[in-house]
Amino acid sequence: MSELSKAYDPQKTEDEIYSTWKDSGFFNPDNLKGEPYSIMMPPPNVTGVLHLGHALENSIMDTMARYQRLQGKKVLLVPGTDHAAVATQAKVEKLLVEKGHKNPREEFGREGLLEKIREYAEESKSTILSQVQKMGTSCDWDRLAYTFDEERSEMVNNVFEKMYKDGLIYRGHKVVNWSVKGQSTCSDDELEHKERTGKLYTFKYSKDFPITIATTRPETKLGDTAVAVNPKDARYKKFIGETFTVDIGAKKPLEIKIIANDEVDPEFGTGAVGVTPAHSPVDFEMFEIQKAKNDPIELIQVIGEDGKMTAEAGKNYEGLTVLEAREKFVEFLKENTLLEKEEEITQSVETSDRFGDVVEALPKTQWFIDVNKKIPGHNKSLKELMIEAVTTGLGGDKNQKITINPERFEKVYFSWINELRDWCISRQIWWGHRIPIWYCECGEIIVSRDEPKKCEKCDSKKIKQDPDTLDTWFSSGLWTFSTLTEEERKVFHPTNWMQMGRDIIFFWMARMILMTTYYMEEIPFKDVYIHGMLRDEHGNKFSKSAGNTLDPIDVTEEYGTDALRLSLVTGIAPGNDIKIYKEKIESSRNFVNKLWNISRYILGKSKDSNKEINKKNLTLADTWIIQKMNVLIEEVTSDLDKFRFSQASEKLGDFTKNDFADWYLEVSKFENNEEEKTAILQTILRDLLKLWHPFIPFVTETIWKELDEKELLLIQKWPKKDSYAPSKDAASFEPIIEIIQTVRNLKTENKIEPAKKVKLFVNTKSCSIKNFEEIIKTQENIIKGLRTGVEEISYGSSQENSISKTTSHGITVSIPLEGLIDTQKERAEKEKEVENLKKYIKSVEGKLSNKQFVSKAPKEVVEREKESLQKAKARLKEIEKYLKSLK
RNA sequence: GGAUGAUUAGCUCAGUUGGCUAGAGCAUCUCGUUUACACCGAGAGGGUCGCAGGUUCGAGUCCUGCAUCAUCCACCA
């Protein structure tokens, strides 16, 4: 079809193709038949626009979805977005501050600010969803979900209520992570450890205090109420149980009790730890232990929510920032000669990954999910369910077992669960699901989604809702089932497959497992595929500040979506970081164009469509390509079944470019079984388009349309290898390829112009295939045709004064010399080859003389070694002969 | 401190259960303007597979140790 342009132009076709797919209804599984197969899209945050990471996710999951659809399954891919509580509010507040609003929370109030955030979220939602379309993702738009929409919010309340009634959600007064800047709690996973240099101060509370302690946070010492020592430590044993009163300037003198704790390492530092229960999670644990032992210690909060010292810290410190107080307290220690040492150390501090400030540990009343408590009626804790889901399967049911790919991430997951503490789910920000808990003035606590009319206990109408909202991962954890109706869950849940970045294994994967195993008593997904993070060419993270960002939309506009998608799934190993850069995308774009031109050629040759291959009149090359195609289908299918996307696309690329385009297509120009050729070319092209479709959907669908097909490629049937069953005694075409390559090779090596006409001598005496000379004779026009410059072929032993090479099939190819050779260079090269050959022969002979090798190695291996030894020897003889002739 | 990954050609990376003289893309060099394709074709050069041991008939692949880099986790005051 000559009207097709020489180069594929993605811009012209992509949008139109996407609408065709969408309008066809086949993105919706209700219009498909077959076994159900479901994937949930990890919902992008509504914090802005899509970045390359999303492009990667869309490529991977859509490749899978399209593959399964072609496999004849009823595929559901649910699209959605995430309200991303803290992230979105932080982003909008930042934008407002940049616009000159100093304190947006005060200025706009709860409802006002929520309205601002809602506007922003809606806008970025629609941007993101249009970008998802641009990536070609074949998701069911009729089932579009949003973590903050009505259905999802209702599910959040249902789950909260059930957990609350089961006693798994509780309100507790504990030391939590507090971001002063964000004025909210953070969960342990939302912290980032940053290395910093700090000072370690070694001091005593007072001159007569018997134990020296060390700290990097002197100001918190104003709230110390104990010193912990190891009970086995002889130095301090005698003091355990004693209480000392010291006055270091806090509101009142501190009562410091000496307590025993096995965790304290006598070898480290002074062997004693100053305990500040209010401002350290570890010290708080000691506080709880002491309480349980009936030997309580005090808890004094000296730092407030505003990050400033409280009244408890004493007159001198009240109102000072943490840093000011630190300086002042160190000054005090120095003045009273209590400071023994001051040294520089590197320490890791916890910062909030959303607000960026250093997080303070503060005692606060918050809502928690208890991960260790037995679930009523189950005799198992959430933690145990989370482990079971990945090991034996829920309740030992293998159909309820999650497989993590690659396997090594299981270890990461288990070690995280091991250290998992109760999950703090309440946040003091406004953007998010409000906690469905109401407090009556009488003290009654009511769990209810809507405002209760009156208190059931006291009939009072003075009821207030908890002001806090839920951690965003609470709703994300429900994603695999909150996106489905009850009916749909019977068909599509557990979902079949899930993919996500390694960075959210804890945040998301773990929470989904927790929530789903608890609420649904099912696993959320059967297989999860963990991919690495994107990097630039030099392995750097993409970031705005580094200025190395690549906008996926720009890329698709310049190179096409297919090129981007192909680049993102090729040449990568599961779980490892993925480097992406212009050259890689360019080469994908070039490949897409290649496929376009292959199709253009085939379409130009014949418009006849869908002819069956008549196996009676096939040439050597025909059977060869049919065999190759057979193997290709088998391998690509198996790779995709095992999520080896990279291997699959590489094999496809290899076949398409090398075997099909470079050899078969070229050869086909010199053979005249017109009818069979057309059938083969068309059949292979059609199936190749199907195999390629999951990776590069747009170009394949565009070509498919040109084939005058009525149905979309989207819903075709995956090729079967049976249709390419090779005839049993098909002789291989490989040796012919080798002969042609050898001729070209000889010419280049000997500086003979490729177009130069030459005579060719072929000797098949040591060829492993019987009577191969007869076969070569039938292929002469191909050998002559494929730009070898060969004008005449003779058989038998080569002449004196010719250059020759033996192919791996033992065919010796010679070209008589024409006096065109640069002999000196030639000799040097040949001598090098002789050297290498001798080395090789020696090593193989060594191998073969090894009795253990000969007896233990598989027969084929030994045979192969013998064969290649023969060949090497033959080659050596030839070169030596030739070197002589040069002299 | 613990864990995981990486270390293979100038660059970016593949390499399945150990087995044919270790592969691809980009870059380099040579040749080529042949009606599918210059977003092209035909070739070439380039690697003691991080280092040191071990297991094995045989190791890029398995084991041990070391080095360098990266990432994650951790309460060492």
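By convention in this document, chain letters (A, B, ...) are assigned in the order of the sequence lines, proteins followed by strands, and residues within each chain are numbered from 1.
- Minimum atom distance to the side chain of A:Leu665 is reached by B:A36, of the listed B:G43, B:C26, B:A36.
- Closest contact between the side chain of A:Asn590 and the listed nucleotides B:G15, B:U21, B:C39 involves B:C39.
- With C1' as the reference atom, B:G50 and B:U8 are 10 Å apart, rounded to whole Å.
- Residue A:Lys594 places at least one side-chain N or O under 4.0 Å from the OP1 or OP2 atom of B:G41.
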Per-nt protein contacts along nucleotides 56-65 of chain B (heavy atom under 4.0 Å; B base, S backbone sugar-phosphate only, - none) come out as -B--------
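- Residue A:Arg787 holds its CZ atom at 11.0 Å from CD1 of A:Ile740, rounded to the nearest 0.5 Å.
- Distance, A:Tyr205 OH to B:A77 C1': 10 Å, rounded to whole Å.
- Atom pair A:Leu640:CG and B:U16:P shows a separation of 18 Å (rounding to whole Å applied).
- In terms of phosphate contacts, A:Asn597 brings no side-chain nitrogen or oxygen within less than 4.0 Å of OP1 or OP2 of B:C39.
- Phosphate proximity of B:C73 to A:His193: absent, as no side-chain N or O sits under 4.0 Å from OP1 or OP2.
- For the segment residues 260-271 of chain A, residues with any heavy atom less than 4.0 angstrom from an atom of RNA chain B are, sorted by number, A:Val264, A:Asp265, A:Phe268.
- Residue A:Glu586 is classed as having no contact, given no heavy-atom separation below 4.0 Å to the nucleic acid.
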Might you list the N or O atoms of the protein lying below 3.5 Å from N or O atoms in nucleotides 4-11 of chain B, with each pair's distance?
{"unit_1": "B:U4", "atom_1": "OP1", "unit_2": "A:Lys411", "atom_2": "NZ", "d": "2.7"}

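- Checking B:A77, B:A42, B:A38 against every side-chain atom of A:Lys6, the shortest atom distance belongs to B:A38.
- A:Ala661 comes within contact range of at least one nucleobase, with a heavy-atom separation under 4.0 Å.
- If you measure from atom CZ of A:Arg502 to atom P of B:A70, you get 14 Å, rounded to the nearest angstrom.
- Nearest to the side-chain atoms of A:Arg600 among the listed nucleotides B:C37, B:U16, B:G43 stands B:C37.
- For A:Asp662 and B:A36, the CG to C1' distance is 12 Å, given to the nearest whole Å.
- Separation of the C1' atoms belonging to B:A59 and B:G18 is 6 Å when rounded to the nearest angstrom.
- Backbone-only engagement by A:Ala214 is indicated by non-hydrogen atom pairs under 4.0 Å involving sugar-phosphate atoms exclusively.
- Taking CG from A:Asn745 and OG1 from A:Thr807, the interatomic distance works out to 11.5 Å, rounded to the nearest 0.5 Å.
- Distance noted for atom P between B:C39 and B:C20: 39 Å (whole Å).
- Both the sub-6.0 Å distance and the 45° axial angle are not jointly satisfied by A:Lys221 relative to the ring of A:Phe203.
- Distance from the side chain of A:Lys669 is smallest for B:A36 among the nucleotides B:U34, B:A36, B:C39.
- Across all strands shown, A:Lys582 has no heavy atoms under 4.0 Å from either base or sugar-phosphate atoms.
- Spacing of P atoms, B:G65 relative to B:G5, comes out at 14 Å, to the nearest Å.
- Counting only residues at least two apart or on different chains, the side chain to side chain donor-acceptor pair (under 3.5 Å) pairs with a member in residues 559-574 of chain A are A:Glu14-A:Thr561, A:Asp62-A:Arg565, A:Ser567-A:Ser588, A:Thr570-A:Ser649.
- For the 3.5 Å distance criterion, the side chains of A:Ser187 and A:Glu190 qualify, holding a donor opposite an acceptor.
- For A:Lys411, there are no side-chain contact (heavy atoms from CB on, under 4.5 Å) partners, not counting sequence neighbours.
- Taking the six-membered ring where tryptophan is involved, the planes of A:Phe660 and A:Tyr664 are essentially parallel, since the angle between them stays under 30° and well short of 60°.
- Spacing of C1' atoms, B:G41 relative to B:G46, comes out at 22 Å, to the nearest Å.
- Atom name P, nucleotides B:C66 and B:G1: the rounded distance is 12 Å, in whole Å.
- Among the protein residues, A:Ser587 comes within range of the sugar-phosphate backbone only, with heavy atoms under 4.0 Å from sugar or phosphate atoms but none that close to a base.
- Between A:Lys657 and B:A24 there is no side-chain polar atom (N or O) within less than 4.0 angstrom of OP1 or OP2.
- Using modelled atom types, one finds a donor on one side chain and an acceptor on the other under 3.5 Å when comparing A:Glu350 with A:His193.
- For A:Phe506, the side-chain atoms get nearest to B:C72 when compared with the rest of B:A44, B:C72, B:C26.
- The separation between A:Lys756 atom NZ and B:C31 atom P is 16 Å, rounded to whole Å.
- Taking atom CE on A:Met286 and atom P on B:A77, their separation rounds to 13 Å, with Å as the unit.
- Between the CD1 atom of A:Ile598 and the P atom of B:C40 there is a distance of 12 Å, rounded to whole Å.
- In terms of phosphate contacts, A:Arg787 brings no side-chain nitrogen or oxygen within less than 4.0 Å of OP1 or OP2 of B:U34.
- To the nearest 0.5 Å, atom CG of residue A:Leu595 and atom CG of residue A:Leu689 are 6.0 Å apart.
- Helical stems of RNA chain B (runs of at least 3 Watson-Crick or G-U pairs, donor-acceptor distances under 3.5 Å) are listed by first residue: B:1-7 with B:67-73, B:10-13 with B:23-26, B:28-32 with B:40-44, B:50-54 with B:62-66.
- For A:Arg644 against B:U16, a side-chain N or O and a base N or O form a donor-acceptor pair under 3.5 Å.
- In this model, no side-chain donor or acceptor of A:Glu666 finds a partner on the base of B:A42 within 3.5 Å.
- Phosphate proximity of B:G15 to A:Gln647: present, with a side-chain N or O under 4.0 Å from OP1 or OP2.
- Spacing of C1' atoms, B:U61 relative to B:U17, comes out at 11 Å, to the nearest Å.
- A gap of 8 Å separates the P atoms of B:C26 and B:C40, to the nearest Å.
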